[in-house]
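Keep in mind that the numbers below use all heavy atoms, side chains included, and drop hydrogens, waters and symmetry copies. FYI, the numbering just counts along the sequence from 1.
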Amino acid sequence: MTLQQLSLFAALLVFGSSTGAVAQAGKRPPQKKPGAPAKPGANPQTKGTTQLPGDNGKLGVPYTLGPPGTGNNINFTLNSVEYSPRRVNFGEETRFPKADEKALILHYSLHNPNPAEYHVDWATLKFTGVDSENQNQEYTGLVAKEGTGEKVAITLKPAQKIDVYTAIVPLPAKATVPKLIVQHNEGGGVLRYDLKGLIKGLTAPFADPKDASGATILDTVAAKTGEFYPGRYLDVKYVSSTYTDGPLGENEPEEGKKFFVATFVLKNGSPAPIDVDFTILRTNLVTSDGEKVDHNGGAIKGGRDENLSNHLKPGEEATIRVWTRIPKEVTVKSMAASEGEEARVYLYEIAGVK
């Protein structure tokens with residue numbers, strides 16, 4: 001090989017070596033998969049299952065929610081879900097279903113998996129139910145602690161856990177919620193639950209017997225004497241009833257009329273004081289001759305013929321008498337009672353009243 005050929009061969013070797021280095025430098029370095037766990041020792045706490053976009057959740061299983069790899073995460077466990085006819089209290093606030101509505105209560109746990117303290121409150125997670133009509137039903141935006149009902153705004157220490165609840169209310173009386181979507185307020189993957197067959201149904205006397213799933217609630221409930229039933233803010237118990245021709249304080253029965261007087265016990269089931277007056281209960285009647293008598297009276301104190309004016313603290317009770325004018329010649333066959341026009345109606349059979 002001549003000297004010129006040797007020089008050309010050496011130049012080609014150098015060129016080939018340099019082009020190879022350029023190609024190597026242009027390759028992307030290996031990428032971590034989304035949601036890859038942090039290096040050992042980076043987080044001393046136990047994490048839940050890291051959810052991927054659209055992951056399906058299961059009751060009782062913890063999942064780590066929040067942007068992966070940021071340290072801004074919380075472990076979430078959905079413990080149980082139930083339909084309810086009752087008001088839901090959050091601190092001093094109350095959310096209640098109306099006559100044609102119910103509540104969906106979500107019971108869950110929050111656990112801090114981070115090496116630092118972590119603040120949780122109503123906005124940490126967002127809950128959206130997808131009902132049987134494919135309509136989104138948003139949660140109340142309120143979260144309370146199990147057992148106490150206190151609003152949740154707490155800083156969790158590393159590894160600290162808290163049991164809480166929130167609710168979707170109102171929810172239509174016949175609606176089911178086959179899907180639940182849960183997401184951290186800072187983003188990250190969406191956690192989806194298939195709730196078909198997993199929601200605790202309503203029970204008698206609230207459940208519509210035509211719906212075996214217990215998802216449909218009645219707007220008029222057959223009630224029993226001597227038992228409390230939930231209204232909007234009050235629990236209501238019918239005790240007894242009577243007829244009278246005489247005046248009730250300043251109230252006269254009018255010519256050809258008498259009073260039907262029903263005695264109730266009211267208990268404040270809300271977390272805030274409530275003023276109770278003559279408008280608190282509505283009683284609509286059906287008389288022995290089949291005629292309907294709409295509410296036309298008021299309420300007085302249980303022990304004195306004085307107009308009703310009470311201030312009930314949370315948990316406090318008061319006895320009241322609700323009166324209605326009816327024709328003298330009839331008796332009452334049934335009574336429908338409700339705490340206001342929008343509340344669920346409780347139907348009582350009236351028999352043997354003198």
Q: Say whether Glu82 and His107, considering side chains only, have a donor N or O and an acceptor N or O under 3.5 Å apart.
A: yes
Q: Kindly determine whether Asn79 and Leu59 satisfy side chain to side chain contact (heavy atoms under 4.5 Å, CB included), including the steps that lead there.
A: CA-CA 6 Å; Asn79 298 318; Leu59 291 184; over 6 Å; no
Q: Hey, can you tell me if Trp323 and Phe259 have their rings parallel, tilted or perpendicular (30° and 60° cut-offs)?
A: perpendicular
Q | Crowding at CD, Glu117 (>12 non-hydrogen neighbours, <6.0 Å) | A | yes
Show which side-chain atoms of residues 222-232 pair as donor or acceptor with protein atoms under 3.5 Å away, not counting sequence neighbours.
| residue | atom | partner | partner atom | Å |
| --- | --- | --- | --- | --- |
| Glu227 | OE1 | Tyr229 | OH | 3.3 |
| Tyr229 | OH | Lys224 | N | 2.9 |
| Arg232 | NE | Glu339 | O | 3.0 |

Q. Angle class for the Tyr193/Tyr63 ring planes (parallel below 30°, perpendicular above 60°, tilted otherwise)?
A. perpendicular
**Q.** Asn134, CG atom: more than 12 neighbouring heavy atoms under 6.0 Å
**A.** no
Q) Within a radius of less than 6.0 Å around CD of Glu250, do more than 12 heavy atoms belonging to other residues, nucleotides or ligands occur? A) no
Q. Checking side chain to side chain donor-acceptor pair (under 3.5 Å) for the pair Tyr118/Asn72: CA distance, chi angles, key distance, verdict?
A. CA-CA 8 Å; Tyr118 193 84; Asn72 186 16; 2.7 Å; yes
Q) Has Glu329 got more than 12 heavy atoms of other residues, nucleotides or ligands less than 6.0 Å from its CD? A) yes
Q: In plain terms, say whether Lys237 and Glu317 are close enough for a salt bridge, that is, a side-chain N and a carboxylate O under 4.0 Å apart.
A: no
**Q.** Residues Lys126, Tyr139; criterion side chain to side chain contact (heavy atoms under 4.5 Å, CB included); working and verdict
**A.** CA-CA 8 Å; Lys126 178 184 178 181; Tyr139 83 121; 4.3 Å; yes
Q: Check whether any side-chain N or O of Asn310 sits under 3.5 Å from a backbone N or O of Leu312 as a donor-acceptor pair, and report yes or no.
A: no
Q: Could you walk me through whether Asp163 and Ser109 pass the side chain to side chain donor-acceptor pair (under 3.5 Å) test, one step at a time?
A: CA-CA 4 Å; Asp163 294 328; Ser109 301; 2.6 Å; yes
Q: Could you walk me through whether Asp305 and Arg321 pass the side chain to side chain contact (heavy atoms under 4.5 Å, CB included) test, one step at a time?
A: CA-CA 9 Å; Asp305 291 347; Arg321 290 176 291 161; 2.7 Å; yes
Q. Is it true that the side chains of Asn136 and Thr128 contain a donor and an acceptor less than 3.5 Å apart?
A. no
Q: Measure the spacing between OG1 of Thr319 and CZ of Phe264 and express it to the nearest 0.5 Å.
A: 11.5 Å
Q) Quick one: CE on Met335 to NE2 on His295, what's the gap to the nearest 0.5 Å? A) 12.0 Å
(Q) Does this structure show an ion pair linking Lys102 with Asp219, if we count only N-O contacts that are shorter than 4.0 Å? (A) no
Q) Side chain of Asp275, backbone of His311: donor and acceptor closer than 3.5 Å? A) no
Q | Listed partners of Lys328 passing salt bridge (Lys or Arg N to Asp or Glu O under 4.0 Å), at least two apart | A | none
(Q) If we ignore hydrogens and angles and just use 3.5 Å, is the side chain of Arg87 paired with the main-chain N or O of Phe96 as donor and acceptor? (A) no
Q) Do the side chain of Ser334 and the main chain of Tyr348 share a donor and acceptor less than 3.5 angstrom apart? A) no
Q) Taking atom NZ of Lys257 as the centre, does the number of heavy atoms from other residues, nucleotides or ligands within less than 6.0 Å exceed 12? A) yes
Q: May I have the step-by-step check of side chain to side chain donor-acceptor pair (under 3.5 Å) for Asp277 and Ser309, ending in yes or no?
A: CA-CA 5 Å; Asp277 61 21; Ser309 179; over 6 Å; no
Q. If you round to the nearest 0.5 Å, how far is CG of Leu266 from CG of Leu234?
A. 5.5 Å
(Q) Measuring from atom CZ of Arg95 to atom OG1 of Thr166, what distance do you get when rounded to the nearest 0.5 angstrom? (A) 10.0 Å
(Q) Which residues pass the side chain to side chain donor-acceptor pair (under 3.5 Å) test with Asp208, not counting sequence neighbours? (A) none
Q. Quick check: does any side chain N or O of Asp289 sit under 3.5 Å from a backbone N or O of Glu291, one acting as donor and the other as acceptor?
A. yes
Q. Given Asn73 and Thr64, is the side chain to side chain donor-acceptor pair (under 3.5 Å) satisfied, shown in steps?
A. CA-CA 6 Å; Asn73 306 115; Thr64 300; over 6 Å; no
Q: For the pair Val169 and Thr140, evaluate side chain to side chain contact (heavy atoms under 4.5 Å, CB included) and give the outcome as yes or no after the intermediate values.
A: CA-CA 7 Å; Val169 58; Thr140 59; 3.4 Å; yes
Q.
Side chains of Glu93 and Leu142, heavy atoms from C-beta outward: is any pair under 4.5 Å?
A. yes
Q. Hey, which of Thr216, Ile105, Thr176, Thr203 is the one that makes side-chain contact (heavy atoms from CB on, under 4.5 Å) with Tyr83?
A. Thr176
Q) Which distance, rounded to the nearest 0.5 Å, do you find between the CG of Leu78 and the NZ of Lys58? A) 14.0 Å
Q. What is the distance from atom CG of Leu180 to atom CG of Leu106, rounded to the nearest 0.5 Å?
A. 5.5 Å
Q) Hey, is NZ on Lys98 packed in by over 12 heavy atoms from elsewhere, all under 6.0 Å? A) no
Q) Got a donor-acceptor contact below 3.5 angstrom from the Asn89 side chain to the Gly269 backbone? A) yes
Q) Near Tyr243 OH, under 6.0 Å, is it more than 12 heavy atoms from other residues, nucleotides or ligands? A) yes
Q: Spell out, as yes or no, whether a donor-acceptor pair under 3.5 Å connects the side chain of Lys161 to the backbone of Leu156.
A: no
Q: Report the residue from Leu202, Asp100, Leu171 that forms a side-chain contact (heavy atoms from CB on, under 4.5 Å) with Ile217.
A: Leu202
Q) Is the Phe127 ring parallel, tilted or perpendicular to the Tyr108 ring (thresholds 30°, 60°)? A) tilted
